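Heads up: the structure comes next, in structure tokens.
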Amino acid sequence: MNIEETQKLVKKYFEGKLDKGGKPYIKHLEYVSSRGRNETEKIMGLLHDILEDTNLTANDLLNLGFSKEIVEVVEILTRKKGESYNNYIDSIIMTKNEAALYIKKIDMEHNMDLSRIKNIQIKDILRVKKKYKPNYEKICKALKRMEK
């Protein structure tokens, strides 16, 4: 599957879904994808939430023609039901998968951008401060360690 086919797939599966700011969720996926450093990462960016937010499985993605590498990263980026956000981030870091860490970093940068929300509430500010910022810093540190 190439980037154009992947875009069609995610548009189909995320049609009608909105983000916290009330915008089409596909815009978030396209943003993460746009920051990918190559076509593979762009595809990973488009797919990063597909297993978590749709009924598709990893096997479905493989059967659709996505590479094992892409599916592996998408699985790493999929938060398990009942898993705390902190444990989820730690599990990504433990894989030492550079592409997964990079995609998660971009995802978190976009999720922390409060300008995407029309009427910012205290809960939005607290979510960024308590949930995203500390975990974002952990992801950035893990990426820096890999650069050395």
Side-chain angles (χ1 to χ4, degrees), residues 3 6-7 9-62 66-148:
I3 192 86
T6 305
Q7 286 170 324
L9 179 78
V10 295
K11 280 182 180 168
K12 173 185 166 189
Y13 278 89
F14 285 91
E15 187 176 351
K17 294 188 181 189
L18 303 176
D19 67 12
K20 284 180 176 54
K23 294 183 178 76
Y25 197 82
I26 188 72
K27 297 291 181 197
H28 169 66
L29 302 174
E30 289 171 344
Y31 175 85
V32 175
S33 174
S34 74
R35 303 284 305 276
R37 300 170 290 190
N38 54 51
E39 182 161 332
T40 300
E41 284 185 357
K42 290 179 187 305
I43 291 170
M44 291 169 179
L46 282 169
L47 295 174
H48 79 273
D49 282 335
I50 203 151
L51 298 181
E52 193 172 319
D53 295 342
T54 74
N55 60 356
L56 285 177
T57 66
N59 278 338
D60 292 333
L61 295 179
L62 289 168
F66 290 103
S67 71
K68 196 172 178 178
E69 174 194 10
I70 288 172
V71 175
E72 183 179 293
V73 167
V74 174
E75 285 183 295
I76 290 168
L77 295 172
T78 301
R79 187 172 164 192
K80 315 294 180 275
K81 293 215 186 306
E83 183 177 32
S84 77
Y85 194 76
N86 289 341
N87 286 348
Y88 163 63
I89 295 300
D90 290 343
S91 73
I92 295 171
I93 291 168
M94 284 190 294
T95 68
K96 294 185 170 140
N97 184 302
E98 203 252 344
L101 287 162
Y102 180 76
I103 297 298
K104 190 63 194 171
K105 176 181 176 272
I106 301 307
D107 177 39
M108 292 176 82
E109 287 171 358
H110 202 232
N111 287 338
M112 290 189 298
D113 180 1
L114 291 178
S115 71
R116 295 172 55 211
I117 299 174
K118 265 188 190 160
N119 300 312
I120 300 169
Q121 309 283 314
I122 295 290
K123 66 178 182 165
D124 300 314
I125 295 166
L126 291 175
R127 183 179 62 250
V128 168
K129 185 178 179 183
K130 292 183 176 186
K131 178 180 176 181
Y132 289 123
K133 284 244 164 109
N135 285 299
Y136 176 76
E137 289 170 11
K138 287 197 293 189
I139 291 280
C140 289
K141 283 179 186 172
L143 277 167
K144 272 204 165 97
R145 281 193 302 269
M146 294 184 87
E147 290 172 1
K148 293 179 180 179

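When a residue number appears, it is its place in the shown sequence, counting from 1. For clarity, every value in this text was computed on a predicted model and none was experimentally measured.
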Considering residues at least two apart in sequence or located in another chain, which fulfil the side-chain contact (heavy atoms from CB on, under 4.5 Å) criterion with Ile122?
Leu126

Residues 72-92 vs ring-ring contact (aromatic ring centres under 6.0 Å, His included), sequence neighbours excluded, gives Tyr85-Tyr88, Tyr85-Tyr132

Not counting sequence neighbours, which residues clear side-chain contact (heavy atoms from CB on, under 4.5 Å) with Pro24? List them please.
Ile26, Lys27

Of Leu77, Val73, Leu143, which meets side chain to side chain contact (heavy atoms under 4.5 Å, CB included) against Lys104?
Leu77

Met94 CE to Asn87 CG distance, which is reported to the nearest 0.5 Å:
8.0 Å

Atom pair CE/CD1 of Met108 and Ile139 - distance to nearest 0.5 Å:
6.0 Å

Tell me every residue that passes side-chain contact (heavy atoms from CB on, under 4.5 Å) with Thr95, counting only those two or more places apart in sequence or in another chain.
Ile76, Asn97

Please round to the nearest 0.5 Å and tell me the distance separating atom CD1 of Ile43 and atom CZ of Phe66.
6.5 Å

Which residues satisfy the side-chain contact (heavy atoms from CB on, under 4.5 Å) test with Asp124, sequence neighbours excluded?
Leu114, Ile117, Ile120, Gln121, Arg127

Nearest heavy atoms of Leu51 and Leu56, plus distance in Å
CD2-O, 3.3 Å

Return the set of residues passing side-chain hydrogen bond (donor to acceptor under 3.5 Å, both in side chains) with Thr57 (not counting sequence neighbours), or none when no residue passes.
Asp60

Does any pair with a residue in residues 89-117 pass ring-ring contact (aromatic ring centres under 6.0 Å, His included), and if so which ones, sequence neighbours excluded?
His28-His110, Tyr31-His110

Rounded to the nearest 0.5 Å, what separates atom NZ in Lys105 from atom CG in Asn135?
15.0 Å

State, to 0.1 Å, how close Ile3 and Ser33 come at their nearest heavy-atom pair, and which atoms those are.
CD1-OG, 4.0 Å

Closest contact, heavy atoms only, Ile50 versus Val74
CG2-CG1, 4.2 Å

Would you mind listing every salt bridge (charged side-chain N to carboxylate O under 4.0 Å, His left out) that reaches into residues 12-25, with sequence neighbours excluded?
Asp19-Arg116

Closest non-hydrogen atom pair between Ala142 and Ile93, with its separation
CB-CG2, 3.9 Å

Pairwise distance OH(Tyr136) to CG(Asp107) - rounded to 0.5 angstrom
11.5 Å

Within residues 76-97 or reaching into it, pairs that qualify as salt bridge (charged side-chain N to carboxylate O under 4.0 Å, His left out) - sequence neighbours excluded:
Asp90-Lys138

List the steps, then state whether side chain to side chain contact (heavy atoms under 4.5 Å, CB included) holds for Ile106 with His48.
CA-CA 11 Å; Ile106 301 307; His48 79 273; over 6 Å; no

Test side chain to side chain contact (heavy atoms under 4.5 Å, CB included) applied to Tyr13 and Leu29, step by step:
CA-CA 12 Å; Tyr13 278 89; Leu29 302 174; over 6 Å; no

Got a sec, which pairs hit salt bridge (charged side-chain N to carboxylate O under 4.0 Å, His left out) with one end in residues 33-58, sequence neighbours left out?
Arg35-Glu109, Arg37-Glu41, Arg37-Glu98

